[in-house]
Amino acid sequence: MNEVACNAAPAPAMRGPNDYKSDVKPVWCPGCGDFGVVNALAKAMAKMALEPKDVAVVSGIGCSSRIPAYMASYGFHGVHGRALAAGTGLKVARPDLTVIVTGGDGDGYSIGGNHFLHACRRNVDMTYIVMDNRVYGMTKGQPSPTTEPDWDSKLSPDGTGLREFQPLVIALTSGANFIARGFTGDPNGLAEIIEQAVRHPGFSFVEVLSPCVTFRPEQKEWKKIVKADALKPTADMTRAARRLLRDTGFELGVLYAGERPPYAPRGPRALRTPSELEARFAL
Amino acid sequence: MKKTKLPRTVEEFMAYAWAMEVEASDRYAELADLMGTHHNREVADLFAKLARIEGKHRDQIAAQMGWTKAPDAAVFRWETPEGPETTDYGDLHYLMQPWHALKLAEHNERRAVEFFERFAAARVPADVRAAALEMAGEEREHVRLIGEWLAKVPPPEPGWDEDMDPPAVAD
């Protein structure tokens with residue numbers, strides 16, 4: 001796995017994608033879409049020539065939240081739904097790090113739904129990658145916020161009858177500065193989107209369609225449905241909103257790249273050291 | 001998906017061929033690891049073998065071209081989401097058998113033949129066309145070899161994917 005192209009020694013500036021993967025082997029089901037995200041993330045990191053020590057991958061709980069263990073960067077596998085809270089804290093304390101928060105639809109849109117809204121609103125400079133398979137896979141197939149209302153399963157006979165959560169709409173209206181959708185069956189395209197997301201200032205949100213072959217085998221058909229969005233990204237919220245009105249949920253690409261300045265802590269820099277903060281705030 | 005740029009030189013053309021082998025080799029190695037994680041040792045070993053074969057092709061191209069570092073990645077733009085010889089993650093099953101893995105490999109090699117034949121048929125310089133025809137011939141030979149390999153492997157019996165203890169039980 002860590003073979004180097006042309007047998008060249010991996011100089012720090014010449015790392016290949018495999019150098020960004022750890023020695024821990026993923027335990028996901030064969031066929032799981034999440035493999036494509038590890039692949040794309042590693043490719044994006046290699047393309048940007050990021051130093052692994054300068055990157056932190058933070059996650060919550062769920063199948064997809066295992067990603068930090070599979071990357072050779074710093075990682076934090078947090079608690080359910082709180083990945084964005086941990087990532088926000090880390091980025092504010094260590095603005096020099098590239099913070100990439102990862103998770104699934106249940107973790108991010110249900111348990112962590114409130115954190116999602118406020119991460120968009122705060123616009124801290126980090127990237128949030130959500131692997132959306134429209135099901136809770138780790139706990140054996142319960143409907144998630146993005147599950148279709150008529151998805152009939154043993155745990156949701158006749159479907160939930162509930163309207164799906166609309167991640168891109170919520171992200172746009174809550175203030176995310178970069179909004180895109182990728183697909184795990186196109187790791188190269190996804191790597192390009194992740195690279196743009198990381199480079200864009202502020203809170204970047206990447207919704208990734210990631211099939212669950214175990215509990216949603218019908219999602220294997222997604223590769224026949226997805227299509228690249230022919231439109232260029234817009235910085236105009238109104239135009240982005242109009243495009244979302246026509247969105248089928250399978251258009252891939254960057255929807256919105258805004259110009260809102262990212263959050264920067266106010267006050268003198270010295271107040272950000274733990275001792276300064278303690279002196280000012282500790283009881 | 002994006003259009004593959006037509007190569008203007010043999011160097012550019014071989015960069016495509018090299019990238020295709022890199023992707024294929026890396027993916028087979030990844031699939032070997034993941035099937036090993038799921039204790040499907042036979043298929044894991046087969047994918048590892050395929051990774052070594054594709055890795056050898058990759059190194060042969062690099063040696064032939066005298067490359068000491070990877071060619072510029074910016075030239076690679078597959079028409080499909082991934083390279084023609086790269087196995088789709090979604091085509092796997094944890095109970096798959098060596099026959100399935102070889103069928104995937106055969107499918108990949110056939111796509112590689114088509115890929116190079118398309119280059120040969122396109123408006124490219126004569127030396128690029130000659131190189132494309134040569135590569136298509138090599139890939140055709142790989143299809144034949146995998147066909148022979150497949151003939152020695154028993155096809156799966158009906159119900160091969162039935163699991164007495166399935167992961168999707170939700171009762």
Side-chain angles (χ1 to χ4, degrees), chain A residues 1-9 11 14 16-18 21 23-36 38-39 42-43 46-47 137 139-142 153-156 183-190 192 210-217 219-223 226-228 252, chain B residues 1-2 18-19 21-23 25-38 40 43-44 47-48 51-52 54-55 58-59 61-63 65-71 73-74 76-78 80-83 86 88-96 100 161 163 166-171:
Chain A
M1 285 299 294
N2 286 317
E3 279 178 295
V4 176
C6 305
N7 298 321
M14 289 175 60
N18 288 340
K21 295 179 188 173
D23 291 334
V24 180
K25 304 301 175 198
V27 296
W28 294 315
C29 308
C32 174
D34 295 350
F35 285 99
V38 171
N39 186 314
K43 280 183 173 163
K47 179 89 183 296
T139 51
K140 285 188 171 284
Q142 297 85 355
S153 75
K154 285 183 178 174
L155 293 173
S156 57
F183 175 51
T184 56
D186 179 11
N188 294 327
L190 181 57
E192 287 179 15
S210 181
C212 173
V213 293
T214 300
F215 294 100
R216 305 292 311 263
Q219 291 174 347
K220 283 185 176 181
E221 298 300 308
W222 279 358
K223 64 180 170 189
V226 294
K227 56 182 180 199
L252 309 179
Chain B
M1 306 305 165
K2 287 167 178 159
W18 179 85
E21 303 292 355
V22 169
E23 261 195 25
S25 169
D26 281 359
R27 182 60 51 84
Y28 281 134
E30 206 177 353
L31 301 186
D33 284 342
L34 89 91
M35 295 313 286
T37 301
H38 288 269
N40 190 336
V43 174
F47 277 136
R52 282 195 296 276
E54 299 298 354
R58 171 201 62 202
D59 295 343
I61 291 172
M65 298 304 292
W67 289 332
T68 52
K69 67 180 183 72
F76 309 132
R77 285 287 180 273
W78 308 120
T80 45
E82 297 190 275
T86 307
D88 187 335
Y89 291 112
D91 288 339
L92 262 63
H93 190 285
Y94 66 105
L95 294 175
M96 68 192 292
H100 296 107
D161 57 349
D163 188 344
V169 165
D171 292 324

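Convention: sequence-line order gives letters A, B, ...; per-chain numbering from 1.
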Does the side chain of B/Leu34 reach to within under 4.5 Å of the side chain of A/Phe35, using non-hydrogen atoms?
-> yes
For B/Met96, is it the side chain, the backbone, both or neither that has a heavy atom under 4.5 Å from a heavy atom of chain A?
-> neither
Heavy-atom distance under 4.5 Å to chain B: side chain of A/Pro211, backbone, both or neither?
-> neither
Paired with B/Tyr89, the side-chain contact (heavy atoms from CB on, under 4.5 Å) test is passed by just one of A/Val213, A/Thr184, A/Asn39, namely A/Asn39
Is the shortest heavy-atom distance from the side chain of B/His38 to the side chain of A/Pro30 under 4.5 Å?
-> yes
Roughly how far, to the nearest 0.5 Å, is NZ of A/Lys21 from CG of B/Asp26?
-> 6.5 Å
B/Pro81 and side-chain contact (heavy atoms from CB on, under 4.5 Å): which partner among A/Asn188, A/Asp186, A/Leu252?
-> A/Asp186
Hey, does A/Pro187 have a side-chain heavy atom less than 4.5 Å from the side chain of B/Arg27?
-> yes
By side-chain contact (heavy atoms from CB on, under 4.5 Å), B/Asp88 pairs with (sequence neighbours left out) A/Lys223, B/Asp91
Applying a strict 4.5 Å limit to non-hydrogen atoms, the region of A/Trp28 in contact with chain B is backbone
Give, for atom CG of B/Asp33 and atom NZ of A/Lys25, the distance between the pair rounded to the nearest 0.5 Å.
-> 4.0 Å
B/His93 portion near chain A, given a 4.5 angstrom heavy-atom threshold = backbone
